[in-house]
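Positions are given from 1 along the sequence.
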Amino acid sequence: MKSTLTAVLTALLCSLSLPAIAAADPNKVLQLSFEAADDGFDAMRTNSTYSNWLADAIFEGLVTYDYLARPAKLIPNTIVSLPEITDGGKTMTFRLKKGIYFAPDPAFKGQRRELLASDYAYTFKRLVDPNNRSVHSRVLEGKVIGLDELTAEAKKTGKFDYDKPIAGLETPDNYTLIMRLKASDPSLIYYLAKPLGGAVAREVVELYGEAVNQHPVGTGAYMLKQYVPRSKIILEANPEYRGFVWDFKGTGSEWDKQIIKDMKGKQMPQVGRVEVAIIEEEQSRWLAFDSGQLDFEMLVPAASVKLLDQGKLKPEFIAKGLRLYRFIDPGVTRTYFNFQDPTVGGYSKDKIALRRAIALSYNLQEEIDQVWFGQAIKAHGMVPPDVVGHDASYRNSNVYDPALANKLLDKFGYKRGEDGYRSMPDGSPLKLRIHSAPKTRDYARMEIWKRSLDKIGIRAEFPVAGFADNLKSAYQCKLMMFGMGYVADIPDGIDFLESYVGSNAYRGNNGCYKSATFDEAFEKARLMPNGPERQKLFNTIERIMEADTVHSLELWRVRNWLIQPWVKGYKTHPIMRGDWRFLDVEKNK
């Protein structure tokens, strides 16, 4: 009897010491849509919002974000507590939790594979391996002691030595990672929370090689089950995921109070399967949501007239149980110029005048009214509201003014011909190419561009290609002009400005813009603590960009997310993407 009781008590104590067990129900399915295709799952090679959305559910960084806290707040993820920061901010010590495992994969040859500190060291080295051509190598370049030297050696030999120890990425034991920096970098830890900081196992990379882009294996809540490029992605709950108990505090809003009431104390994740369909047309997405085929959906602007009244759901839709989560997206849209292009590129006064005239000509209010149906506002700077570096009093100097645009073109020798269209100062034809995707919204934007440019006598053509194809060309600085949105990856505006750093050409600087003045100011702002002086420098950087006219700055978008009544726990996070592990589906209740 005594031995039996002892055994029972021992088993009970053991069960109490275990982490929360993942409770995902395979019958609970989230059905979602993306408006554009991903471009793979290797986070170091993509800036795509859709790829990052998926990768965020599969891979895990050292840190992540509190689900409900606003403004965005970092919390430990695979580490026991936030890192110990010493040496004036130049040393960060991360201590990993034990018992975290990668999702099952043939790369592990039937064995459970525990997450180790060395996996993060390997992941960070992958970012700077020149053979990988990572679009995110800038995150660590020039920052980690010994890493630049390792990269330089790889450029000489053609092979990156992953086994060579460096002082900047030390792993004294399996669960300790010490990162030593050349200088304090306050924003770096936010980048480690992005999918690019998610741990990758070396065995997986070596097994799949270049195909690892379609074979993501992480320690996150979900794993890839099925992938049909440009059509469908299915994720299933990772059976090795440790799970957690839903316990977030909220901001005190009524929305947060309801979420806490619905979710507090649940073993997570609840959802066992996530199905994502690629539906590019807005009307098709809306019809799928309206018929209950999608569980939540960003309200298409055209439908806002039917569903909303002064920013609130109309009573008939509230009666259906639908809910609306509305906020200003922490992102910006702009049409950038390729500085390598012989027509719009270059730094001479006549080329700057051409770019500025183009930017001044664009009738942004038409886009707000006709494309977004009022669900957007004019962007006055690259840094949007609720992101560090935003100045509500700042005003962009390149505002809609076709009369001024015509004067600029006249002054710098862009003469009109008998047909009313202008030529280059040397007499050669002047024609723009503004690239877009085959979507109703883009077609409408291109019509606005055409009308706007006609008013200043500039011809244009509008090549159409899939978003993923355009993005690939954009990475290579091959598009003359291309309209893109950029959504905050970290809650700091330095992230928005980094896309214009000269050394990032072909790695996110899609216009290959290079300015020593910009780079110097950016580097100074990057290392400064937040405060009034840093804000002044942010504004100076904005003026530098306006002076060179690096883009036609356009919109901050209002997002209206509609949620079906059976989805519980929903709240759009401003930074974190793959938030499905925080939700529940209760269709039968």
> With distance as the sole criterion, is a donor-acceptor pair present between the side chains of N238 and Y101 under 3.5 Å?
Replying inline: no
>> Under a 3.5 Å cutoff, is there a donor and acceptor pairing between the side chains of S499 and Y336?
In response: no
> How would you list all residue pairs meeting salt bridge (Lys or Arg N to Asp or Glu O under 4.0 Å) that involve residues 59-68, not counting sequence neighbours?
Replying inline: E60-R242
>> If we ignore hydrogens and angles and just use 3.5 Å, is the side chain of R138 paired with the main-chain N or O of R507 as donor and acceptor?
In response: yes
> Which pair of non-hydrogen atoms, one from E367 and one from Y362, has the smallest distance, and what is that distance?
Replying inline: OE1-OH, 2.6 Å
> Would you say K97 has more than 12 foreign heavy atoms packed within less than 6.0 Å of its NZ?
Replying inline: yes
> Once the angle between the rings of Y241 and F244 is folded into 0 to 90°, is it parallel (under 30°), tilted (30 to 60°) or perpendicular (over 60°)?
Replying inline: perpendicular
>> Go through it in stages, so that I can follow the logic: the residues are E236 and R273, the test is side-chain contact (heavy atoms from CB on, under 4.5 Å), and I'd like the CA-CA distance, side-chain angles, deciding distance and then a yes or no.
In response: CA-CA 4 Å; E236 285 190 349; R273 185 178 173 96; 3.0 Å; yes
> Under 6.0 Å between ring centres, would you say that holds for F248 and F582?
Replying inline: yes
>> Less than 4.0 angstrom from a charged side-chain N to a carboxylate O is my criterion; do K306 and D290 meet it?
In response: no
> Taking the side chain from D56 and the backbone from R577, do they hold a donor-acceptor pair closer than 3.5 Å?
Replying inline: yes
> Could you go step by step and tell me if I358 and F337 meet the side-chain contact (heavy atoms from CB on, under 4.5 Å) rule?
Replying inline: CA-CA 10 Å; I358 294 169; F337 298 101; 3.9 Å; yes
> Taking atom types as modelled, is there a side-chain donor on T219 or E240 under 3.5 Å from an acceptor on the other?
Replying inline: no
> How are the rings of F482 and F467 set to each other: parallel, tilted or perpendicular (split at 30° and 60°)?
Replying inline: tilted
>> Would you say NZ of K232 has more than 12 non-hydrogen atoms from neighbouring residues, nucleotides or ligands within 6.0 angstrom?
In response: no
>> Could you work out, with ring-ring contact (aromatic ring centres under 6.0 Å, His included) as the rule, every residue matching F373, not counting sequence neighbours?
In response: none
> How are the rings of H551 and Y500 set relative to one another: parallel (under 30°), tilted (30 to 60°) or perpendicular (over 60°)?
Replying inline: perpendicular
>> Tell me which one of R126, Q214, H215 satisfies side-chain contact (heavy atoms from CB on, under 4.5 Å) with D42.
In response: R126
>> Strictly distance-based, threshold 3.5 Å: is any side-chain N or O of D119 a donor or acceptor partner for the main-chain N or O of A199?
In response: no
> Do I233 and W53 come close enough that some side-chain heavy atom pair is under 4.5 Å?
Replying inline: no
>> For the backbone of E280 and the side chain of R285, can you confirm whether one donor and one acceptor N or O come within less than 3.5 Å of each other?
In response: yes
> Can you check ring-ring contact (aromatic ring centres under 6.0 Å, His included) on W449 and F462, steps first, answer last?
Replying inline: CA-CA 9 Å; W449 265 115; F462 305 95; 8.3 Å; no
> Tell me, do N52 and K194 make a side-chain contact under 4.5 Å, heavy atoms counted?
Replying inline: no
> Would you call the rings of W255 and Y325 parallel, tilted or perpendicular, where under 30° means parallel and over 60° means perpendicular?
Replying inline: tilted
>> I'd like to know whether F124 forms a side-chain contact (heavy atoms from CB on, under 4.5 Å) with L192, so could you lay out the CA-CA distance, the side-chain angles of the two residues, the decisive distance to 0.1 Å, and finally the verdict.
In response: CA-CA 9 Å; F124 300 154; L192 303 185; 3.9 Å; yes
> Applying the side chain to side chain donor-acceptor pair (under 3.5 Å) test to D295, which of W566, W580, Y570 qualifies?
Replying inline: W566
> Any chance CG of D386 has more than 12 other-residue heavy atoms, nucleotides or ligands included, within less than 6.0 Å?
Replying inline: no
> Do S361 side-chain atoms and L453 backbone N/O form a donor-acceptor pair below 3.5 Å?
Replying inline: no
> After noting the C-alpha distance and the side-chain angles of L479 and M484, does the key distance pass the side-chain contact (heavy atoms from CB on, under 4.5 Å) rule?
Replying inline: CA-CA 12 Å; L479 305 184; M484 292 184 67; over 6 Å; no
> Between V204 and V212, which heavy-atom pair has the shortest distance, and what is it?
Replying inline: CG1-CG2, 4.0 Å
> Hey, is the main chain of Q564 close enough, under 3.5 Å, to the side chain of R323 for a donor-acceptor pair?
Replying inline: yes
>> Quick check against the 3.5 Å criterion: does N338 have a side-chain atom that pairs as donor or acceptor with the backbone of C477?
In response: yes
> Is the side chain of S291 donor-acceptor paired with the backbone N or O of A288 at a distance under 3.5 Å, no angle test?
Replying inline: yes
